[in-house]
Participant: 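The structure under discussion is supplied below as structure tokens; questions concerning it will follow.
Here the structure is a predicted model, which is why all the values come from computation and not from measurement. Just follow the structure's listing: the first ligand is 1, and inside any ligand the first atom is 1.
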Amino acid sequence: MRTIYLIKYSEIGVKGKNRYVFEDALVRQIQKTMDRVEPDTYEVRRTQGRIFIDVPDDHIPPFDGDDEIKALQKVFGIAGICPVVSIEDTGFEDLGKAVVAYMQRTYGNEKHTFKVFARRARKDYPMESPEICVEVGAKIIESCPNLTVDVHDPEISVNVEVRERIFIYSKIIPGLGGMPIGTGGKAMLLLSGGIDSPVAGYMIAKRGVSLEAVYFHAPPYTSERAKQKVVDLAKKISIYTGPIKLHVINFTDIQLAIYEKCPHDELTIIMRRYMMRIAETIAKQTDCLGLVTGESIGQVASQTMKSLMCTNEVCDLPVYRPLIAFDKQDIVEVSEKIDTFETSILPFEDCCTIFVAKHPVTKPNVEVIRKHEKNLSDVIDALYEKALAEDEIIEVG
Ligand code: ATP
Ligand code: MG
């Protein structure tokens, strides 16, 4: 007897050639994930349009697979994880016994209804599928008084698959869904230390997009601890998104110049425009196909539709804002689920809050903003170049 995992994935939208790209990426992600659980232990393979993970023989049932399952529940592209008992085909008598043992071990004395589903992938097996269903069902009833048959709406679907070996499984543990990382290109995430941007990164990555990230740091106004918090957040989301190259841009001089030369009620919006410009420059240099932010309409003054229009107009690349219509509470829920919340709420200063005006404009006029940005024209090019030249790259995950 041996344990394996059968991985179910949604095939919607992955027909034809795309399907192989999807499956190969998923197999790669699963292998990486399992190697993190225990190196050189698990073998991930794809046969007949299904993905299996072989677990070594000494990892015997009852499933001690908590670590494996928890790790697999963080892989985008998996719809469900089925822990499977795999036995050698030594005749129907043994098959029946194995199914009964499996049911007793898995459900104990719990009361449930069940139905057996049999599949014969190997046609030389001496019984046909309907016969296997009936016979296996009878054995379960005989030995498990707590289980009764319901062929219309069973609580438990007991699957028996006759292949080279025989597979027995009944549980489908839900996965995250989404698309495997790497199937959707790469985007540049503007990652701050707040609650929203890590969630935005997670969500875009769920569609198969891999990430680079940029953080605007303003020492000495923002501390090393604030920067470390962003590195920690990148680490947390990299469990889902795969490795992230984090660009730390020293933004202090640009911020000071804006502070000195532009109207204070426009500081945030002008600052945001420079963040977008710099992020886009790096994105273009690193083959990113878009920018990602954690903005949500109306959350703060710089996120009204007028303000968003104003920050948006400095970019040619598409700006993806997965949280645009989310309420804060919904964002918080995701951040708790992906375990970034506790880090995000640590009270380290943010470069936006230090230079923030008492009454920031909520309806910036693009023409006016452009005009005021001209105040920076004699210094900004040099500052912009310097900030990019001093890009500190931290590899995370
Ligand atoms: P968050 O919780 O993500 O920090 P927020 O509600 O604090 O968002 P803002 O500070 O207005 O909102 O920032 C809006 C978006 O701009 C952020 O979600 C993030 O994508 C980006 N951003 C803001 N500050 C920074 C920064 N210092 N470095 C990188 N990106 C930033
Ligand atoms: Mg913020």
Side-chain angles (χ1 to χ4, degrees), residues 187-205 211-219 221-223 225-234 236-237 244 246-252 254-255 258 266-283 288 290-308 310-312 314-315 319-324 326-332 334-336 338 340-357 360-362 364 387 391-392 394:
M188 179 64 69
L189 169 68
L190 283 85
L191 182 62
S192 69
I195 295 171
D196 305 328
S197 44
V199 173
Y202 165 85
M203 288 187 61
I204 209 92
L211 296 178
E212 281 201 26
V214 55
Y215 166 59
F216 296 94
H217 185 39
Y221 303 98
T222 57
S223 63
R225 287 193 308 175
K227 173 173 145 190
Q228 186 57 44
K229 176 176 156 183
V230 175
V231 174
D232 292 345
L233 285 170
K236 294 228 166 193
I237 60 170
I244 296 177
L246 172 66
H247 301 259
V248 179
I249 295 289
N250 186 327
F251 202 51
T252 312
I254 293 180
Q255 244 173 340
I258 300 170
E266 290 168 6
L267 285 182
T268 310
I269 206 86
I270 294 177
M271 199 180 74
R272 308 265 316 115
R273 281 161 65 95
Y274 277 100
M275 283 186 184
M276 299 300 260
R277 287 183 175 110
I278 294 176
E280 182 176 72
T281 303
I282 308 173
C288 290
L291 304 181
V292 184
T293 75
E295 289 159 315
S296 157
I297 292 177
Q299 206 186 75
V300 286
S302 60
Q303 297 178 30
T304 62
M305 294 229 315
K306 277 240 160 113
S307 301
L308 288 167
C310 208
T311 33
N312 208 63
V314 301
C315 298
V319 181
Y320 296 102
R321 299 179 172 93
L323 309 180
I324 198 67
F326 272 48
D327 291 346
K328 192 73 183 188
Q329 190 47 39
D330 300 334
I331 302 171
V332 166
V334 183
S335 78
E336 281 171 338
I338 65 172
T340 52
F341 183 73
E342 294 297 324
T343 309
S344 289
I345 59 171
L346 292 173
F348 306 135
E349 61 297 313
D350 176 352
C351 70
C352 308
T353 45
I354 286 160
F355 292 92
V356 84
V361 279
T362 53
D391 178 1
E392 180 197 356
I394 301 174

Participant: Considering residues at least two apart in sequence or located in another chain, which fulfil the ring-ring contact (aromatic ring centres under 6.0 Å, His included) criterion with Y274?
Facilitator: none
Participant: If you count the atoms of ligand 1 from 1 in the order shown, which ones are under 4.0 Å from a heavy atom of V214?
Facilitator: 29 (C)
Participant: For the pair M271 and I254, evaluate side chain to side chain contact (heavy atoms under 4.5 Å, CB included) and give the outcome as yes or no after the intermediate values.
Facilitator: CA-CA 8 Å; M271 199 180 74; I254 293 180; over 6 Å; no
Participant: Short N/O distance, under 3.5 Å, between R272 and ligand 1?
Facilitator: yes
Participant: What are the atoms of ligand 1, with element, lying closer than 4.0 Å to any heavy atom of G194?
Facilitator: 1 (P), 2 (O), 4 (O)
Participant: Would you mind listing which atoms of ligand 1 come within a distance below 4.0 Å of any non-hydrogen atom of L191?
Facilitator: 28 (N), 29 (C), 30 (N)
Participant: With heavy-atom distances below 4.0 Å as the criterion, list the atoms of ligand 1 near Q299.
Facilitator: 6 (O)
Participant: Can you find an N or O of G193 that's nearer than 3.5 Å to an N or O of ligand 1?
Facilitator: no
Participant: As an exercise, state the distance from OG1 of T293 to CG of L190, rounded to the nearest 0.5 Å.
Facilitator: 7.0 Å
Participant: With heavy-atom distances below 4.0 Å as the criterion, list the atoms of ligand 1 near G294.
Facilitator: 17 (C), 18 (O), 20 (O)
Participant: Going through the checks in order, is the side chain to side chain contact (heavy atoms under 4.5 Å, CB included) test met by I338 and K236?
Facilitator: CA-CA 8 Å; I338 65 172; K236 294 228 166 193; over 6 Å; no
Participant: Using a strict cut-off of 4.0 Å, indicate which atoms of ligand 1 neighbour a heavy atom of T293.
Facilitator: 20 (O)
Participant: Which atoms of ligand 1 sit under 4.0 Å from any heavy atom of I195?
Facilitator: 2 (O)
Participant: Looking just at side-chain N and O atoms, do E392 and H247 make a donor-acceptor pair shorter than 3.5 Å?
Facilitator: no
Participant: For R272 and N312, test the side chains for any donor-to-acceptor distance below 3.5 angstrom and give the result as yes or no.
Facilitator: no
Participant: If we ignore hydrogens and angles and just use 3.5 Å, is the side chain of T304 paired with the main-chain N or O of T362 as donor and acceptor?
Facilitator: yes
Participant: Who pairs with Q228 by side chain to side chain donor-acceptor pair (under 3.5 Å), at least two apart in sequence or on another chain?
Facilitator: D232
Participant: Suppose I only count heavy atoms of D196 and a 4.0 Å limit; which atoms of ligand 1 are within that range?
Facilitator: 1 (P), 2 (O), 3 (O), 5 (P), 6 (O), 8 (O)
Participant: So L189 and I204, side chain to side chain contact (heavy atoms under 4.5 Å, CB included) or not? Walk me through it.
Facilitator: CA-CA 9 Å; L189 169 68; I204 209 92; over 6 Å; no
Participant: In this structure, does ligand 1 have an atom that sits under 4.0 Å from one of the heavy atoms of H217?
Facilitator: no
Participant: May I ask you to check if ligand 1 and L190 share an N or O to N or O distance below 3.5 Å?
Facilitator: yes
Participant: Kindly identify the option in Q303, K328, R321 whose heavy atom sits closest to atom 9 (P) of ligand 1.
Facilitator: Q303
